[in-house]
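See structure below.
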Amino acid sequence: MLAVVRGLPSVRPYYAGEQRELLRILLNAVSPAEADFALHILGESMTQKELLAAVNLREALRELPACPFAMAIDTATLVRITRLERDRSAWRRRFDDERGPFDIVVLGDGNLCYDLIVSDRERNFFWTPHPRNGVFVHPDALDLVMGRDTLLQEVIGMTIAMGLPFSPTFYLSLDDWKLEYAEQAMTDLGELF
């Protein structure tokens, strides 16, 4: 988990300007063909190391569960473990980092998590896009993740506290990532044409 989170600062400068939409596709598109296409174009402006950090960040986002999902523990236990506070019909945890405060809100009951909300206290975004639209994370929630060093780490920590496994594949080279998804990317391309 730490290797993924440590790669975020090297990717962040490209999450602005001309590369932003391509990086969004690489990080968040469910389709490996779309991600691979974005990877090739981004290769003109990003180093191999930065692209590898982006690919590993993608794997972390991919590994996080899509809501709604069943937790391995009940909400009362989650509240106690993660120090969530009651906030109307949800549970909230407040955090502070060098960029200011942010919140993670858990919507759930019993052992069912309906969704997570991430907030910078000015804007609130569901973690899961409704409808899914071919992305792992709501694009606006992804913007918050990319703007903060610790938000993704805390979302991952919340998922682990829910008793869910979190073990994304960590790639040591871009060739390893491409090889892993080659068959699925070709299938995706075949469906397009």
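Residues Q19 and I41 form no side-chain contact, since every pair of their non-hydrogen atoms from C-beta on lies 4.5 Å or further apart. Residues Y14 and L42 are not in side-chain contact: their nearest non-hydrogen atoms beyond the backbone lie 4.5 Å or more apart. Between T82 and V106, every side-chain heavy-atom pair lies at or beyond the 4.5 Å cut-off.
Sorted by first and then second residue, the salt bridge (Lys or Arg N to Asp or Glu O under 4.0 Å) pairs with a member in residues 68-89 read D87-R92; sequence neighbours excluded.
In this structure a side-chain-to-backbone donor-acceptor pair under 3.5 Å is present from R12 to M146. With hydrogens and angles ignored, the 3.5 Å screen pairs no side-chain donor or acceptor of R148 with any backbone N or O of D97.
For the pair P13 and S10, the tightest heavy-atom approach, listed with the atom from each and the gap, is CD-O, 3.7 Å.
The side-chain hydrogen bond (donor to acceptor under 3.5 Å, both in side chains) test applied to S89 returns no partner, not counting sequence neighbours. Taking the ring-ring contact (aromatic ring centres under 6.0 Å, His included) definition, one finds that F95 meets it with F102, sequence neighbours left out. With sequence neighbours excluded, no residue forms a ring-ring contact (aromatic ring centres under 6.0 Å, His included) with F69. When the ring-ring contact (aromatic ring centres under 6.0 Å, His included) test is applied to Y15, no partner is found at least two apart in sequence or on another chain.
Between the side chains of E50 and T47, at least one donor-acceptor pair of N or O atoms lies under 3.5 Å.
Taking CZ of R94 as the reference point, atom CG of D103 lies at 4.5 Å (rounded to 0.5 Å). In this structure, CG on N124 lies 6.5 Å from CD1 on I117, to the nearest 0.5 angstrom.
Atom CD of E98 has more than 12 heavy atoms from other residues, nucleotides or ligands within 6.0 Å.
Using bins of under 30°, 30° to 60° and over 60° for the plane-to-plane angle, the ring pair Y181/W177 lands in the tilted bin.
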Please tabulate, one pair per line, all N/O donor-acceptor pairs under 3.5 Å involving side-chain atoms of residues 156-171, not counting sequence neighbours.
unit_1	atom_1	unit_2	atom_2	d
T159	OG1	V155	O	3.0

